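Here the structure is a predicted model, which means the values were calculated and not measured. Each ligand, and each atom within it, is numbered from 1 in the order the structure gives. Just so you know, residue 1 is the first one in the sequence shown, and it goes up from there.
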Amino acid sequence: MQLIIDSANLNDIRELVEYYPIDGVTTNPSIIVKEKKNFLLLLEEIREVIGCNRELFIQTLAVNAEEIVKEANYIRENILDKLVIKVPATKEGIKAIKALSESGVRTMATAIYTPLQGYLAAKAGATYVTPYVNRIENLDGNAVNVVKEIVEIIEKHHFNSKVLAASFKSVQQVHDVCLIGAHGVTVPPDILRLFLSHRATEANVKVFIEEWQTAYGEKSIIDANKIKI
Ligand code: G3P
């Protein structure tokens, strides 16, 4: 199951890639503009931080299929290595995904709200299908069920797509889609950091160290064989 960072902030990406088992970085126009930097320069910097083996997801902005394909080709000419072109799952977007995947380009159909949008995206050859969990919930939809049904459609009909769920505002939302079988999640840095945040774990570590030091002083595990008992 893939774990992706949903951010273009270099400091966050640098920290998270160092500490966590991260498979890639997703961006979109709203995420990019927050950084107030030159588009290509920022993407090159992200590539440098994540290395060439993690996937970098970059979204097109055009609304017409031919223009989307042109933007995708421009991105592919300028950003190297493992790249996924994100395209919103509109009618024109699906046409563009079909054309891009026919020429071997890896794509993500994004901004998905319903199982049938997911089906069409998978049928068009999208590498990833991306339901927007929090945004579905904000519209009073059952996001977990949408993710579950897209996973079922893909697996039952043997499509090659993976469901990479996005748009998370709580750890519980991520937990829920992990359980129902999403193939991956893309998570904002502040939510990702919360995965490991538990008072009991911190307290346990403190007690292990206190008890060890009460018995052996400041000696580390490595020096433990020098301790005379
Ligand atoms: O990749 C962006 C997608 O995750 C949307 O997130 O937080 O804007 O709903 P949000």
Asp6 heavy atoms within 4.0 Å reach ligand 1 at atoms 1 (O), 2 (C), 3 (C), 4 (O)
Quick note on ligand 1: atoms under 4.0 Å from a heavy atom of Asn28 include exactly 1 (O), 2 (C)
- So, do Phe195 and Tyr20 have ring centers that fall under 6.0 Å from each other? no
Glu155, CD: over 12 other non-hydrogen atoms inside 6.0 angstrom: yes
Logged contact type for Phe168 with ligand 1, heavy-atom cut-off 4.0 Å, is neither
Heavy-atom closest pair (Ile31 atom, Ala8 atom, distance to 0.1 Å) is CG2-N, 3.3 Å
- request: Classify the angle between the aromatic ring planes of Phe159 and His157 as parallel (below 30°), tilted (30 to 60°) or perpendicular (above 60°).
  value: tilted
the protein heavy atom lying closest to atom 8 (O) of ligand 1 turns out to be Arg135 NH2, 2.6 Å
If you scan protein heavy atoms around atom 6 (O) of ligand 1, the nearest is Ser167 CA, 3.5 Å
> How about Asn11 and Glu15: does a side-chain donor come under 3.5 Å of a side-chain acceptor?
Replying inline: no
Test item, Lys86 contacting ligand 1 (heavy atom, 4.0 angstrom): yes
Inset, instruction - Please say whether Lys169 places an N or O atom under 3.5 Å from an N or O atom belonging to ligand 1. - result: yes
When you compare ligand 1 with Thr26, is there at least one nitrogen or oxygen pair between them that comes in under 3.5 angstrom? no
Given the options Lys70, Glu77, Glu71, Arg76, Asn73 meets side chain to side chain donor-acceptor pair (under 3.5 Å) only with Arg76
